[in-house]
Amino acid sequence: MTAPDPEAYVEQVLSLVEQVPPGRATTYGALAAVVGWGGPRRVGAVMAQWGGGVAWWRVVRADGSLPPSHGLEARARYREEGTALLASGRVDLRRCGWWFDPDDADGPG
DNA sequence: GGGTTGACCAATG
DNA sequence: TCATTGGCCAACC
C-alpha cells in the first residue's frame, strides 16, 4: 500500500478527524503518522479542500496554532468545547493533545 | 522536465 | 517565545 488512491487518503484523514472528541485537538503530523501515507503537508492539503466537512478546528499545527484566517473561527469552537487554550491563543496540546491512543483516560481537567 | 507554492515539522540561535 | 533554515511530497503552470 504505497500508492493509495487520493480518494482513500481523504477518507482516512477525514475519518480520523471525526474520531477526535470535542475538547481535544490533534496535529497534522499525528494524522499523517496514523494513516501512514504521505506526510503532514498531505494532510493539510486535504483539510484545505475537504476539511470544511469535518471538525477541522480540532486539527492544529505542531505548536498548537492554526492559520490566522481560521484562528478566529477555531477560537470560538474551543470556547464552546472547552478546549484548553494558552494566553497566546494556541491550543494546549499538553492537556488536550489527542494522539489516537487507547489510553485517553486523561482529560483537560 | 523545471520552478513555485502549500491549513507542515524539527532543529538552531 | 519568536525568527530563520532545511527537508519533505504533491499539485500547478
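Side-chain atoms are counted along with the backbone in the values below, which use heavy atoms only and exclude waters and symmetry mates. Below, chain A is the first sequence line, B the second, and so on; all start at residue 1. Predicted model only: the values in this text are computed from it and were never measured.
Regarding A:Asp92, its CG atom lies at a distance of 10 Å from the P atom of C:dT1, rounded to whole Å. Computed from coordinates, the A:Arg61 CZ to B:dG6 C1' distance equals 11 Å when rounded to whole Å. In this entry the distance linking CD of A:Gln49 with C1' of C:dC12 reads 12 Å, nearest Å. If you measure from atom OH of A:Tyr9 to atom P of C:dC9, you get 12 Å, rounded to the nearest angstrom. Distance CG (A:Asp63) to P (C:dA3): 12 Å, rounded to an integer number of Å. Atom CZ of A:Arg75 is separated from atom P of B:dA7 by 20 Å (rounded to the nearest Å). The interatomic distance linking A:Tyr28 (OH) with C:dC8 (C1') rounds to 17 Å, in whole Å. As rounded to whole Å, 13 Å separates atom P of B:dA7 from atom CH2 of A:Trp50.
The ring-ring contact (aromatic ring centres under 6.0 Å, His included) search around A:Trp57 returns none, not counting sequence neighbours.
Considering only side-chain N and O atoms, A:Arg41 lies nowhere under 4.0 angstrom from the phosphate OP1 or OP2 of C:dC9. Using a 4.0 Å cut-off, some side-chain N or O of A:Arg90 falls inside it from OP1 or OP2 of C:dC2.
Judged by distance alone with a 3.5 Å cut-off, a donor-acceptor contact links the side chain of A:Arg42 to the base of C:dC9.
In this structure, CD in A:Gln19 is found 12.0 Å from CZ in A:Arg58, a value given to the nearest 0.5 Å.
Among the heavy atoms of the strands lying under 4.0 Å from A:Gly29 are primed sugar atoms or P, OP1, OP2 only; no base atom is included. Base engagement by A:Ala48 is indicated by at least one non-hydrogen atom pair under 4.0 Å involving a base atom.
Hydrophobic clustering (side-chain heavy atoms under 4.5 Å, transitive across Ile, Leu, Val, Met, Phe, Trp, Tyr) groups A:Val34 together with A:Trp99.
Using a 4.5 Å heavy-atom threshold, the side chains of A:Trp56 and A:Val17 count as separate.
For the C1' atoms, the distance linking C:dG7 with B:dG6 amounts to 14 Å, nearest Å. A gap of 14 Å separates the C1' atoms of C:dC12 and B:dG1, to the nearest Å.
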Practice task
Would you check, one step at a time, whether the test salt bridge (charged side-chain N to carboxylate O under 4.0 Å, His left out) holds for A:Arg24 with A:Glu81?
Solution key: CA-CA 8 Å; A:Arg24 302 297 272 268; A:Glu81 297 185 353; over 6 Å; no
